[in-house]
Amino acid sequence: MNAPEKKDSFRLVGTRPVRPDGVEKVTGKAVFGPDYKAANMLQGAILRSPHPHARIRSVDTKKAAALPGVKAIVTGDDFPNLEDAVVQMGEAAGNIADLARNCMAVGKVLYEGHALAAVAATSEAIAQEALGLIDVDYEVLPHVTGILDAMREDAPLLYEDNFTKGLDEKPEKPSNVSMRIQQTQGDTEAALKSAAATVTARYTMPPVHQGYIEPHACVVTWKADGKLDVWCSSQGAFNVRSLVATILNVEMGHVRVMPLEIGGGFGGKTTIYLEPVAALLSKKAGRPVRLTMDRADVFRASGPAPGAVVDVSLGADAEGKLVAADVEFRYSAGTSPGNETHAGLISSVGHYRIANFRVTGWEVLSNMPKHAAYRAPGAPQVNFALESALNDLAAKLGIDPLDMRIKNAVVPGDMTMHGTPYGEIGLLECLEAAKAHPHYSASLGPNQGRGIACSYWVNYGGPSTASVAIGEDGSVMVIEGNPDIGGSRASMAIMAAETLGIDYDNVTVTIADTGSVGYSMLTGGSRTTFATGKAVIEAAQTVIDIMRARAAKLWGCSVDDVAWSDGEARCTGGEKAGETLSIGNIAAKADSTGGPISAESSVNPNDFLPGFAVHICDVDVDPETGHASIGRYTAFQDVGRAIHPSYVEGQMQGGAVQGIGWALNEAYLYNEDGKLDNPGFLDYRMPVASDLPMIDAVMIEKPNPAHPYGVKGVGEVPIVPPLATVAHAVSNATGSPMRDLPLTPDRIYGLMQSKA
Amino acid sequence: MPPFDRELFDGRDRLDLDAATLFALVEEIDRIAPGFAELATVRAAFAIDGVVTADWSTSLADAHEVIMLPRVGGG
Amino acid sequence: MSKLHVTTSVNGDEREFLCGPGETLLDVLRDELDMTGTKEGCGSGDCGACTIMLDGEMVCSCLVMAAEAQGRVIGTIEGVAEGSELHPVQRTFLDHAALQCGFCTPGFIVAAKALLDRNPDPTETEVRYWLAGNLCRCTGYDKIIRAVMDAAAELRQERTPA
Ligand code: FES
Ligand code: FES
């Protein structure tokens, strides 16, 4: 398994070594978010609203404060900074006051599970008991959770001062619609009218959760000198630092965030929930405070991905060339605006050449938790609708659905929806590989169906810093600031070792705290191996230049006569020509040639390329129960070049299975009282091993010319196609179109019955 | 022009402006649409003649077209 | 609140602890005994992150009251490797990249070892059903199943001397 598969001229890129943090993780020694303890730490607990919407008339904490062992109590009034301000949050922008009010309600609670008070005590049991002693006087308000309900004129309003943004004129009346965006090209209506065939349908899906297995947890100490230490797992320690500092009105340099190992995030850990609360408790108590969520808290109060209602009209000419798309989608954002609607817009039709389109997105607020990013955030929902409509259109025209896509796929040089040209993209290669794969032509039995879909995700670059330092004995340390959520330490070590010409095992990789390395944007957006990788490579190259200069000094030659190859300096001219110096030799003399050898590199690359994926799925539908099971699944993806192929396959397989869960089972179920009916893994049913076959991952390597090793982002696009792929397969197995997710047995059975 | 915050621009989606750099351009737009500059810092990305550019000091002397894109975040 | 005094064996060591009547074995392992390799993903028996061995049976430690451990024999992830010698399942997890975030990994390894201890030659379907109580959100299970099958093959070779 560890035998290198040599590729091109690379020694290490494309091999599958054991990850540097592996042994710690298979032996239970790695320290994750909930595992960290500080000396003399208090345990905190959070009081959460039982109501989906209520005014907080008063919060009486006197009895709780009197309980022996209670050391601090915090409510929304303790939050110092509630000024509206748009700041960088995660990878998008958001209002810091929204985030603060999500950490702790002020004035109103906006969803079931909204935090409104917190206690720190000498034990968990005492903290829990104290919560029961807090008296809250609620004025219960009418609530709304459904998207279309929330858009109605007479819907209960979350905010009296929310006026829809993005309309041509500011509306006169407030509403729950936070934003409309629209992009048009050509004359969509006319093109639809003259199309040879059209499909018009509505597609719906409820919100779903990221479902990371590690619940949120943190330990914070607000020290007597006014500085804060934060230990938590997140997708970005720097992001936690800036959000905590801004909410608490402290200098960023006074907040030091120690990244713990992260037990899954998928976008859900690009924001904060507990840290400012723990900080305020710690400030009052004068001791470190730990806060943790249990699973029900995670479901009720951390971000689901938006649910959606999407209308699509799609038209093509007789040959199957798409001529027009009219897409109108509505996303539920929970209590505050976000970024998914933009992403939904650019993910909607960007992977096809369509001369005429009109894409309109609406972002709708309601009494559900503030949504959070989830893997290709905003793309799967609209993609499900568009790809499903495309499959119907292909059937109507009698064209093979893969051929239909091959006819319309964007290729390098075509324009994105924004009007910038695509670079070296590999959508067509993915489609052709899918067509040629034996899966696509394998025969199907009774009650079986096959589906396909394809998708696009923009990916990202963004700011990153990394440093490379040479130890006194020549060992090599990479220090970076991006939490390793799926094996990225291994990729960084491979890229550093490849650049330096040394063995993989000679490199160690440290994920540093915010006081120990320069800024990096968070791990997310499929950016880490690309952008942070560039910083690592640059820093390694600088270190090579330094070592060449040192070797020149040791040899007494010009630096131009020092080459670097196979991990050592080689003298190419003068008396010492032919001699070599290893990194160890150079490091041993570092102090007498100019001092320690290290380099830090900061980058902000924009030459990332998008990712494309094509999935094929076979399902078996049980005609007696309507239960759909996945029989075979193959995922094709343009991955640029895979630095560590196993972890690239892992992204493809994991994303596909999350998408399968989204298609078949997962759903936030709100009851009439606005409460979540399924806040646990028993009723929020994620895929388990026995639900699935192997997920065949076919990597299409079309390198990104702008990255030294050809990296494109790979993490997000694989969650996009499964929704339409699985729905297409079930439709083909049953003969009924599947337009509403999830495809639970009762829904499939009902559709089969109504057809019969 | 970005497909967002249209109300800042009275619905216009194309502007003809002269500016030496992206910094100057953002300032210029902010004059037309007050509040834009603050939003742009965290929310906008720019493509100069089709190439997305992070460095706002890039000269626009030879540029024909600047496209403004919302910065799309990932998970 | 009066605490209960419990004596038990954990990974071969005799351990004593005091616990409240409502505390779970998972709480005690993590908070009292500082053995945080066993994880909590749900606290309700639905994710398997807290899987341990209790008198040779695989259990969710979040569903076992701490007081029930009196006089019993507990095995946790911390006891799977012998010193620095990894168990074959641990090694194949590394070789197959069967972990991404690694949070579910201790539970899977304890469960997989329990399977292989009783059935050295499981089919893929048997592995999938045995591990159906363990949630992994990162990997899609593919590489986990391969790692377990591979460890089984390795163990069979070890057991049948050539
Ligand atoms: S924590 Fe015990 S099964 Fe999830
Ligand atoms: S590796 Fe992350 S949950 Fe399994």
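Both backbone and side-chain heavy atoms feed into the values below; hydrogens, waters and symmetry mates do not.
Interface remark: of the candidates C:G41, C:G37, C:G79, C:G41 forms the most heavy-atom pairs closer than 4.5 Å to chain A. Counting heavy-atom pairs closer than 4.5 Å to chain A, the top-ranked of the candidates C:L131, C:L99, C:V127 is C:L99. Taking chain C as the reference chain and counting heavy-atom pairs below 4.5 Å, the highest number among A:S233, A:G211, A:A697 is found for A:G211. The residue among C:E78, C:M35, C:R128 with the most heavy atom pairs within less than 4.5 Å of chain A is C:R128. In terms of heavy-atom pairs under 4.5 Å with chain C, the best-connected choice from A:P483, A:G487, A:A30, A:P215 is A:P215. By number of non-hydrogen pairs under 4.5 angstrom with chain A, the leading residue of C:D142, C:T105, C:I145 is C:D142. Of the listed residues (A:K29, A:E261, A:E649), the one with the most heavy-atom contacts under 4.5 Å to chain C is A:E649. Of the listed residues (A:D691, A:D484, A:V23, A:V31), the greatest number of heavy-atom pairs within a distance under 4.5 Å of chain C belongs to A:V23.
For A:I262, the part lying under 4.5 angstrom from a heavy atom of chain C is the backbone only. The contact between C:L86 and chain A is made entirely by side chain atoms (from C-beta outward), counting heavy-atom distances below 4.5 Å. Residue C:E23: no heavy atom, backbone or side chain, is found under 4.5 Å from chain A. For C:F103, the parts lying under 4.5 angstrom from a heavy atom of chain A are both the backbone and the side chain. Only the side chain of C:I109 has a heavy atom closer than 4.5 Å to any heavy atom of chain A. Contact annotation for C:D31: both backbone and side-chain heavy atoms come within less than 4.5 Å of a heavy atom of chain A. Of the atoms belonging to C:T139, it is backbone heavy atoms, and not side-chain ones, that fall under 4.5 Å from chain A. Contact of A:R685 with chain C is not made at all, since no heavy-atom distance falls under 4.5 Å. Residue A:V298: no heavy atom, backbone or side chain, is found under 4.5 Å from chain C. With a 4.5 angstrom heavy-atom cutoff, A:P693 touches chain C only via backbone atoms.
Counting heavy atoms from C-beta outward, A:H439 and A:D696 have side chains that stay 4.5 Å or more apart. The shortest side-chain heavy-atom distance between C:E57 and C:R72 does not fall under the 4.5 Å cut-off. The shortest distance between side-chain heavy atoms of A:M699 and A:M652 falls below 4.5 Å. Looking only at side-chain heavy atoms (C-beta outward), C:E68 and C:L25 stay at 4.5 Å or farther from each other.
A distance of 11.5 Å separates CD of C:E40 from SG of C:C60, quoted to the nearest 0.5 Å. Rounding to the nearest 0.5 Å gives a distance of 9.0 Å between NE2 of A:H209 and CZ of C:R137. Distance CG/C:L33 to OG1/C:T38: 10.0 Å, rounded to 0.5 Å. Distance check, rounded to the nearest 0.5 Å: SG of C:C42 to CZ of A:F299 gives 9.5 Å. Rounding to the nearest 0.5 angstrom, the gap separating the CZ atom in A:F32 from the CD atom in A:E214 is 7.0 Å.
Using cut-offs of 30° and 60° for the angle between ring planes, the A:F266 and A:Y212 rings count as parallel.
Using a 4.0 Å cut-off between a side-chain N of Lys or Arg and a carboxylate O of Asp or Glu, C:K39 and A:D35 qualify as a salt bridge.
With hydrogens and angles left out, the side-chain atoms of C:T92 and C:D95 include no donor and acceptor closer than 3.5 Å.
With sequence neighbours excluded, no residue forms a side chain to side chain donor-acceptor pair (under 3.5 Å) with A:D294. The side chain to side chain contact (heavy atoms under 4.5 Å, CB included) search around A:A490 returns A:R19, A:P20, A:Y504, A:H644, not counting sequence neighbours. Not counting sequence neighbours, the partners of A:E124 by the side chain to side chain contact (heavy atoms under 4.5 Å, CB included) test are A:Q43, A:Q128.
Within residues 656-665 of chain A, the residues having any heavy atom less than 4.5 Å from a heavy atom of chain C are, in residue-number order, A:V657, A:Q658.
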